[in-house]
Visitor: 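I have a structure I would like to understand better, so I am pasting it below and will then ask my questions one at a time.
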Amino acid sequence: MGLTGAGVVGAIGAPWLRAVPAAASQAGALAPPADIDARSADLVVYNAKVLTVDPRMPAAEAFAVKGGRFAAVGSTADIKALAGKGTEAFDAKQMTVVPGFTDCHNHAPGNTLLYEVLVGNPFEVEFVTIASIVDKLRAKAQKTPAGGWVDGYFFDDTKVKDNRQLNVHDLDQVSKDHPVAVHHRGGHTSFYNSKAFEMAGITKATPDSFGGTFDKDAAGELNGRVTDRARAVFNRIGTRPAFTPDEAMRRDREGLAHISKQFVRYGLTSVHHEGGNLAALQQVRARGDLLHRVSYESSGKQLEAMIDAGIATGFGDEWIKLGATSEHTVDGSFSERTMALSQPYIGISPPYKGNITEKQEDLDGWIERVHRAGIQVNCHANGDVAIDMVLTAVERAQKKFPRPDARPKITHCSLINDALVRRLKATGTVPAMFTTYAYYNSDKFHFYGEDLMKRMMAYRTFLDAGIPAAAGSDFSPGPFAPLMGMQGMVTRTGWNGETWGANQRITVDEALKVNTINGAYASREEAIKGSITPGKLADFVVLADDPHTVDPSKIKDIAIVRTVVGGTMAYQA
Ligand SMILES: [Zn+2]
């Protein structure tokens, strides 16, 4: 696909542009590296407000693309001069162009979006009723053989109109013959009906297991909510549809192709995938249906295979590359209030400090092994206690086996303090923090209170410390729209008008960096991605408005006009 609306402009050679190395900037233009001849560009974009995220020339009017890469950046006159006979030209009519956005943490649950019962809105703030959840699941139960699981996804406990918790009694209305589960979009808690508890042999007398809880109501009865590792017992009961390998592969392909379309619709050109079917991903690419670039994060058998085979981070190409490991989980969830805090949660008795889901010695061993194998470590740690544990293990591994610029990644890295920031900096750790939460989950911050929120999703603190904070939506838990993320970073004000941790606000330019070049840095790709710089991959987004000039509370509403990946149009409004 090429850019539409193309006109051919006159071809005038600009030979000086050819020989100038990328490091030098000349006469108000960023020239191409020696291996790109910018003349007869494939595409020129002009009359634009280009926010390059390249400090050598932060703003420009135009750029040229050749061979899928940016070839030159500069004034409209300079860049138009690079057009030849076959050049497509796009008059941006003063619209804003930014580098393609990167999401550094995404579960990319395309199959769930396509095939499962969604009891909440994956992409936007929307309130639902418990009755609507029960209705949707009842319809599913009617098509499901007795004993088979009836599952609902994308539940959000603070986006319910009924203003109370979903419970076991609600789900008993779905079915008495099927085990029923409603999974919180946060991924760390689920709600079950009585049949599921009965099949799993869980009663109110069952003790909580390590790393999880069976929650009770005021009368001491099971209320339906089960947290973190306590849910493992439900994996052993009930049935779910079995697919032949071919069917399973087809579903995975369709799911990935589906979510790829969603990513580019919101301006994402690079996404760090938490695992998923790598073979299906390659097939989707081969069919031309992969619209975004993937940093693929491995775990389990796949990670073992990498270690065995000596495959390190960076293996692959510009479309599918093996990145860090997938998140190695050390504690619970932010949105579901199970993350491991050094102080008890407000108003919970008996006092509760969240769930640690791995012991320090196991974490030490895992990090050392992965680090030694030349693979970028990535741990999920939300609470200050969990972040401390990860850093302890990282420091230990780096001391035993020094490796320069290893860039261990901490996914979420939510609650920090000064000592943790110093250790993050010293170890070169890259945090990938929640992006859309400040807007989307503002209704949950009262569970933590302003004192903690001042130290949560601490973009300001990290940037001031010189730590390249990156953005990770964690989709499903958070919507992935980068502009919703940017709005929250800039305003710290949520959909409900509440502002939490205003001290962590960052500027529009900083938020742009977080969502572009810092994301590229997190996957060790800052040399080829993350800014509109000659020589880098031509991934960019055309925005209908400039986030600097719109009302900050409307940044999320700026229309994505086009998303272009490698010079090819991946989305057009
Ligand atoms: Zn995650």
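Indexing begins at 1, ligand by ligand and atom by atom, following the structure's order.
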Visitor: What N/O/S atom of Glu327 gets nearest to the Zn ion (ligand 1)?
Guide: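 For Glu327, the N, O or S atom at the smallest distance from the Zn ion (ligand 1) is OE2.
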Visitor: Indicate if the distance from the Zn ion (ligand 1) to the nearest N, O or S atom of His107 falls below 2.8 Å.
Guide: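 Yes.
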Visitor: Looking at OG1 of Thr325 and NE2 of His371, how far apart are the two atoms once the value is rounded to the nearest 0.5 Å?
Guide: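 Answer for the OG1-NE2 pair, Thr325 versus His371, is 13.0 Å.
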Visitor: Provide the closest heavy-atom pair for Asp151 versus Val117 in the form atom of the first, atom of the second, distance.
Guide: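 Scanning both residues, the minimum pair turns out to be O-CB, 3.7 Å.
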Visitor: Given atoms NE2 of His105 and OD1 of Asp474, what angle do they subtend at the Zn ion (ligand 1), to the nearest 10 degrees?
Guide: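 Seen from the Zn ion (ligand 1), NE2 and OD1 are separated by roughly 80°.
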Visitor: Would a line drawn from the ring center of His105 to the ring center of His412 be shorter than 6.0 Å?
Guide: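 Yes, the ring of His105 comes within the 6.0 Å limit of the ring of His412, centre to centre.
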Visitor: Who passes side-chain contact (heavy atoms from CB on, under 4.5 Å) against Asp557, sequence neighbours left out?
Guide: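 Partners of Asp557 by the side-chain contact (heavy atoms from CB on, under 4.5 Å) criterion, ordered by chain and then number, come out as Lys554.
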Visitor: Confirm or rule out an N/O/S atom of Glu274, from backbone or side chain, lying less than 2.8 Å from the Zn ion (ligand 1).
Guide: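 Checking Glu274: none of its N, O or S atoms is under 2.8 Å.
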Visitor: Quick one: does Ser132's side chain get under 4.5 Å of Lys161's, heavy atoms only?
Guide: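 Answer no - side chains too far apart.
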Visitor: Is the Zn ion (ligand 1) under 2.8 Å from any N, O or S atom of His380?
Guide: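 Given the 2.8 Å cut-off, His380 does not count as a ligand of the Zn ion (ligand 1).
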